[in-house]
*Asks:* 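The structure's right below; bear with me while I get my questions together.
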Amino acid sequence: MMNSNPSTPMNAHAPSSISGGNGSPDSNTPRRNSKRPKYSRFTQQELPACKPILTPKWVISAFMLVTIVFIPIGLTSLIASNDVIEIVDRYDNACITGTKSQKVQYIQNATTDKTCTRTLTVKKRMKQPIYVYYQLDNFYQNHRRYVKSRSDKQLRNRGDENATSTCKPEYEANGMSIVPCGLVAWSLFNDTYAFSTSGNRSLTINKREISWKSDRDEKFGSDVFPKNFQNSSFIGGGTLNPSIPLNQQEDLIVWMRTAALPTFRKLYGKIEQDIEAGEKITVVLENRYNTYSFSGKKKLVLSTTSWLGGKNNFIGIAYLAVGGLCFLLATTFTVIYFVKPRHLGDPNYLSWNRNPGGH
């Protein structure tokens, strides 16, 4: 006789239709695919965390701490920067007079004498080493076509002297490849400087190790020599000694590290003698480099250094500005805290308590 009780299963030993699902007591059944990640304190975001409560006292203390740290650093940086003695002399207009076209014609004439004499006065004692820089203004070494016009492969390996596809338009002359090729090398700065003091003391310029060591060791080959350089009808800048390898031509190495801004300085050499205050420096320079065509400027810079480097007030001013701002905020918050205090966790400031009617 058939069992009419619906609560009794027809076959108590029949397998369940959801066998193998989550929570199944049978451990031998395969687990159903699920995208739910395995439980861990990380996935459930239950890791211990620091949740600071920004009370007025903590905020004011943090601003005061920044003030106490930043202001002394800023003052120290400014003092170090002011200890640097720097002499800057613009000589492009002083060495040539006339209109722009007359200046361009003068500088492009290979037969004219480009010698120019300048006198610099030392106001404070300059301790060695004294770094000699040339500064160019309105010269865009970061121009895309200018930066691309070079061959790093050719500079590094002697066997790649014909790898000049990236050097256009200055890649060959008289049917032969140019080494080093490209507009960057072609426009090499070629003004020269000679220094002496008022007592007829010659100031020798040391031009060794003025470039980056990594450039000399890795970017310029010891077996790569200048070849067919500045041999076309249009000369761009300085010439190179064909008997000296490129990794020893440090003026070229310094110039080939292109600047990011249109106003830049590049190291020309070092004077390893002290110059006393009140001495006059006589500079005999060869004004050859053409900046007149694009209304550029040329400056000669003599500078000492400090533990912070060269003369640079930006770091000190930045630290002082941040420290002063934090001090102002700390003072403002302190005044507000004492004049109009607010208890932490006061429910009266909740919106539904401030507007009971819901308006």
*Asks:* Output all residues satisfying disulfide bond (SG atoms under 2.5 Å apart) with Cys95, sequence neighbours left out; order by chain, then residue number.
*Replies:* Cys116
*Asks:* Which pairs, with at least one residue in residues 168-263 and sequence neighbours excluded, count as a disulfide (SG to SG under 2.5 Å)?
*Replies:* Cys167-Cys181
*Asks:* Is it true that Lys213 and Asp217 make a salt bridge, defined as a side-chain N closer than 4.0 Å to a carboxylate O?
*Replies:* yes
*Asks:* Do other residues, nucleotides or ligands put more than 12 heavy atoms under 6.0 Å from Tyr146 OH?
*Replies:* yes
*Asks:* Return yes if some donor-acceptor pair links the side-chain N/O of Ser211 with the main-chain N/O of Glu250 below 3.5 Å, else return no.
*Replies:* no
*Asks:* Taking C-beta and beyond as the side chain, do Thr239 and Asn190 meet within less than 4.5 Å on heavy atoms?
*Replies:* no
*Asks:* Can I get a per-line list of side-chain donor-acceptor pairs under 3.5 Å for residues 306-314, giving both atom names and the distance, sequence neighbours left out?
*Replies:*
residue	atom	partner	partner atom	Å
Ser306	OG	Ala80	O	3.4
Ser306	OG	Leu308	N	3.3
Ser306	OG	Gly309	O	3.3
Lys311	NZ	Ser81	O	3.4
Asn312	OD1	Phe314	N	3.1
Asn313	OD1	Ser81	OG	2.7

*Asks:* Please answer whether the main-chain N or O of Gly323 pairs with a side-chain N or O of Thr67 as donor and acceptor at a distance below 3.5 Å.
*Replies:* yes
*Asks:* Show every disulfide (SG to SG under 2.5 Å) that has at least one partner inside residues 213-258, sequence neighbours left out.
*Replies:* none
*Asks:* Give a yes or no on whether Gln45 atom CD has more than 12 heavy-atom contacts from other residues, nucleotides or ligands under 6.0 Å away.
*Replies:* no
*Asks:* Can you tell me which residue pairs pass the ring pair (Phe, Tyr, Trp, His ring centres under 6.0 Å) test with a partner in residues 57-79, sequence neighbours excluded?
*Replies:* Phe63-Phe333, Phe70-Tyr319
*Asks:* Between Lys266 and Tyr134 (side chain of the first, backbone of the second, donor and acceptor by atom type, cut-off under 3.5 Å), is there such a pair?
*Replies:* no
*Asks:* Tell me the disulfide (SG to SG under 2.5 Å) pairs involving residues 217-314, sequence neighbours left out?
*Replies:* none
*Asks:* Taking Asp89 first and then Arg118, would you say they form a salt bridge - that is, a charged N and a carboxylate O separated by under 4.0 Å?
*Replies:* yes
